[in-house]
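Residue numbers begin at 1 in each chain, while the letters A, B, ... track the order of the sequences. The structure presented is a predicted model; accordingly, all values stated were derived computationally and were not measured.
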2 protein chains.
Amino acid sequence: MPTSKDVARLAGVSQSTVSYVMSGRRPISEKTRKRVEDAMAQLAFQPNAGARALASRRSQVIGLAIPFVPDLHRGSMMGFISVIATTARQSDYDILLVTDDEGPAGLERVVGQQLVDGLIIMQVEGDDARVPVIRNLPVPSVLIGIPDRHEGLQCIDADFELAGQLCVEELAQVGHETVTLVNWQDAVVRRHAMNYVKRFHRGVDRAAAAAGLKVLHAPGRITISGMEKAVAKALEQTKGIPAFIAPDAANQDLLVEALNNLGLVLGKDVSVVVNCSDSLAERQHIPLTTIGFEPDEVSRRVVNMIVRDLTDPTSRPHEAVELVRPVLKRRKSTLSQRPKR
Amino acid sequence: MPTSKDVARLAGVSQSTVSYVMSGRRPISEKTRKRVEDAMAQLAFQPNAGARALASRRSQVIGLAIPFVPDLHRGSMMGFISVIATTARQSDYDILLVTDDEGPAGLERVVGQQLVDGLIIMQVEGDDARVPVIRNLPVPSVLIGIPDRHEGLQCIDADFELAGQLCVEELAQVGHETVTLVNWQDAVVRRHAMNYVKRFHRGVDRAAAAAGLKVLHAPGRITISGMEKAVAKALEQTKGIPAFIAPDAANQDLLVEALNNLGLVLGKDVSVVVNCSDSLAERQHIPLTTIGFEPDEVSRRVVNMIVRDLTDPTSRPHEAVELVRPVLKRRKSTLSQRPKR
DNA sequence: TTGAAAGCGCTACCAA
DNA sequence: TTGGTAGCGCTTTCAA
C-alpha cells in the first residue's frame with residue numbers, strides 16, 4: 001500500500017505538503033496541489049487511518065451505542081442506524097458499534113482506546129446506567145432519549161408530550177368529550193415509564209384539562225380478550241361517542257380488532273387516534289389518524305449535534321434538549337364527525 | 001491518558017515487556033506479569049487503538065456492509081447486526097458500519113485506509129456489484145447470501161432449497177396432491193429472483209416431483225382482492241383439499257385473510273405452510289406451520305468464519321458455502337388431516 | 001526472561 | 001508558499 005511518503009516523492013514535494021493538501025490546513029499553490037493530487041490518484045493513495053489517528057489524536061469515528069434487546073422497536077432501530085451512518089459519512093465520520101451487552105464499560109473501552117471521538121447513545125431510559133458514565137468521559141456524546149437527570153447533557157428525542165396533546169386536540173375538535181387512553185404494553189411501561197410514556201401521558205392530560213375533556217386510562221392489554229374488556233369498560237364510562245388514543249403499536253391492531261368484534265364502526269360509532277412512537281413510515285398502512293415522527297430527522301439531527309461538537313472547538317459541554325415535532329396524518333374517515341352531545 | 005510507557009515506568013520494566021504482557025507473545029515471569037498488571041490497573045491503562053493498528057498493521061475492526069434499503073426484512077436485520085457485533089467482541093473485534101450508499105467504493109475505502117481487517121457483506125444478491133470489488137481486496141470477507149458466481153468466496157445463507165423441500169414434504173405427508181406456491185411480492189422477486197427466490201422454488205419443485213405432487217404457482221399479490229383472485233384460481237385447479245405455501249411474510253397475513261373471506265377453514269378445508277425467510281422469532285405469532293431460520297445462528301457463524309480467517313494465518317482464501325438448516329415449527333391445527341383423495 | 005531501539009505513516013510545529 | 005523533522009504510542013526485531 002502506498003504511503004504519503006510515496007506520494008510526496010512522486011509529486012516531488014515534501015511529505016508535509018501532502019498532508020496539508022489533504023487537510024487543507026494551510027494554503028497550497030494551485031500548481032503543487034495539482035501535482036500532489038495527480039500523484040495520489042496515480043498511486044491510488046489512501047491515508048492510513050491508524051497513523052492519522054495517532055498523529056492527529058482524532059479517529060474520525062463515532063461510537064454508536066445500540067440497545068441490546070431490540071424486540072420492541074426493532075424495525076425502526078434499523079432505520080436510525082443506517083441514517084446515522086450515512087449522515088456521519090457526509091462529515092467524514094465512520095460509525096463503530098458498541099453493543100449494550102458490554103454495558104457502560106463498553107463505552108469506557110472505546111473512548112479509552114481512543115477508537116472513537118464521540119458517542120451517540122440510543123434508547124436512553126429515564127434512569128440509564130450509561131448516563132453517569134458518559135458524564136465522566138472526555139469526549140462529547142449525544143443521547144437519543146431524555147434521561148431524568150440531564151443537566152449538562154445533549155439530548156434529542158421525539159416530542160411525546162406534544163404528540164399526546166395533538167391527539168387530544170384532534171379528538172376535541174370533532175366534539176368528543178371523553179377520550180380513552182390505551183396505555184403502552186406492560187413491558188414498555190416497565191422499561192420506559194419514567195420517560196416517554198410519562199411525557200405522552202402528561203401531554204394528553206394537560207390538553208384534556210385545557211379543553212375540558214375527560215380522560216379514561218385503559219391498561220395496555222396484549223390479548224384480544226383483554227382489549228375487548230378494556231374497550232367495554234371504557235364504553236360504559238363514556239357519554240357520547242367514544243374515542244381512543246393508542247400510542248403503542250402492538251395495541252393498535254388489537255384495538256381495531258376489538259372494536260370490530262364489538263360491532264363498532266370506525267369513524268362512525270367511534271374515533272381512534274394513534275401515536276406511532278417509532279416510525280411513521282413503517283405504519284403507513286394503518287388506516288387510522290396517526291401522530292408520528294420522522295425517524296430520519298432524529299438521526300440526522302443527532303449526527304449534526306455531535307459533529308458540531310467534534311469540529312467546533314469552541315462552545316463545549318453545553319446542555320441542550322432538542323425535541324422533534326410530531327407529524328399528524330389525518331384520516332377523516334376514522335374520526336366520527338358527529339358525536340352526540 | 002496513560003501510555004504503555006507510563007505503565008512500564010511504574011512497573012519498573014521496559015515498554016516492550018508491557019507490550020508482551022498484553023499480547024502474550026512471549027513468556028513473562030509470573031512476578032513481572034503481576035507488577036505490570038498492577039501498574040496497568042492502577043493507571044487504568046487502555047492501549048491506544050491507532051498506535052496499535054499502526055504498529056501491528058491490524059485494526060481489530062471488521063467492516064459490516066449493511067443494506068441501504070431496509071424496508072424489507074428491516075426487523076430481522078437489526079437482530080443480525082447486534083448479534084454480529086456481540087459475537088465479534090468475544091474475539092476482540094469491533095464492528096464498523098459501511099453503508100450501501102457509498103457503494104462498492106465504501107468497501108475500498110475502509111480497506112484502503114486500513115480501518116478494517118476484514119469485511120462482512122450482508123444481503124448479497126445474485127448479481128451483486130460488491131462481489132467483483134471484494135475479490136480484489138487484500139482482506140478476507142464473508143458474504144451473507146450467495147451470489148451467482150461465488151468461486152473462491154466464503155458465503156453463508158439460509159438453506160432455502162431445503163426449506164422449500166420441507167414445506168412440500170410436510171404437505172405431502174398429510175395427503176395433499178396439489179400445492180399452490182404463492183410467490184414473493186414483486187419487489188422482492190425483482191431484487192432477488194436469481195438468488196434465494198430461485199432456490200426456494202427449486203426446493204419446492206424438486207420435492208414435488210419426487211413425491212408426485214402438482215405445484216401451482218400463484219403470483220405474490222399485495223392486495224387482498226388480488227390475493228382472493230389468486231386463491232380462487234388455485235382452488236379451481238386443485239383436486240382434493242387445497243394447500244398453500246407462502247414464503248413471503250407480507251403475503252402470509254393476506255393469504256389467511258383471503259382464505260377467511262372465501263369461507264375456508266384453516267386446518268379443515270385447507271392447509272397452509274409458510275416459510276419465514278427472515279426471522280423465525282419475529283413471526284412466532286403466526287398460527288401457521290412455519291419453516292424458518294434462527295437468525296442468530298447465521299450471525300454467529302459468519303463472525304466465526306471471518307475471525308478464523310483473520311487469526312489463522314494458514315488456510316487462506318478458501319471457498320466455502322455454508323447453508324444453515326431451516327427449523328420446522330409444526331402447528332397441526334393448520335394442516336388438514338383428511339384431504340379427499 | 002528481559003531491554004533497547006527502530007520503525008509503523010501521519011500531523012503539525014518551527015523555519016525558511 | 002513550502003520543507004525539515006520531531007513526535008504520536010505501540011509492536012517487534014535484535015541483543016543480552
- [ ] Hey, which sits more toward the 5' end of DNA chain C by its nearest nucleotide, A:M22 or B:S14?
- [x]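 Nearest-nucleotide comparison on DNA chain C picks B:S14.
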Would you mind classifying the nucleic acid contact of [X] as base, sugar-phosphate or nothing, using non-hydrogen atoms under 4.0 angstrom?
X	value
B:S16	base
B:S19	base
A:S23	nothing
B:V18	nothing

[X] [atom1] to [N] [atom2]: how many Å, rounded?
X	N	atom1	atom2	value
A:R9	D:dG4	CZ	P	13 Å
A:K34	D:dT1	NZ	P	19 Å
B:L43	D:dC10	CG	P	12 Å
A:L54	D:dG9	CG	P	7 Å
A:F45	C:dG9	CZ	C1'	8 Å
B:Q15	C:dA5	CD	P	12 Å
A:M40	C:dC10	CE	C1'	14 Å
B:K5	D:dC8	NZ	P	7 Å

Can you find a donor-acceptor pair, distance only, under 3.5 Å between [X] side chain and [N] base?
X	N	value
A:R26	D:dT1	no
A:S4	C:dG9	no
B:Y20	D:dC10	no

- [ ] Using the closest heavy atom to pick a nucleotide of DNA chain D for each, name whichever of B:Q46 or A:T32 lands nearer the 5' end.
- [x]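 Result: A:T32.
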Task: Residue-phosphate contact under 4.0 Å: A:S56 side-chain N/O, C:dT11 OP1/OP2 - done: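 Indeed not, no polar side-chain atom of A:S56 lies that close.
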State whether [X] and [Y] are salt-bridged, where the test is any N-O pair (Lys NZ or Arg NE/NH1/NH2 against Asp/Glu carboxylate O) under 4.0 Å.
X	Y	value
A:R130	A:D100	yes
A:E297	A:R301	yes
B:D38	B:R33	no
A:R149	A:E151	yes

Open item on the list: As a test of understanding, state which of B:V131, B:D128, B:V302 forms a side-chain contact (heavy atoms from CB on, under 4.5 Å) with B:L143.
Closed with: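 Checked B:V131, B:D128, B:V302 against B:L143; only one passes side-chain contact (heavy atoms from CB on, under 4.5 Å): B:V131.
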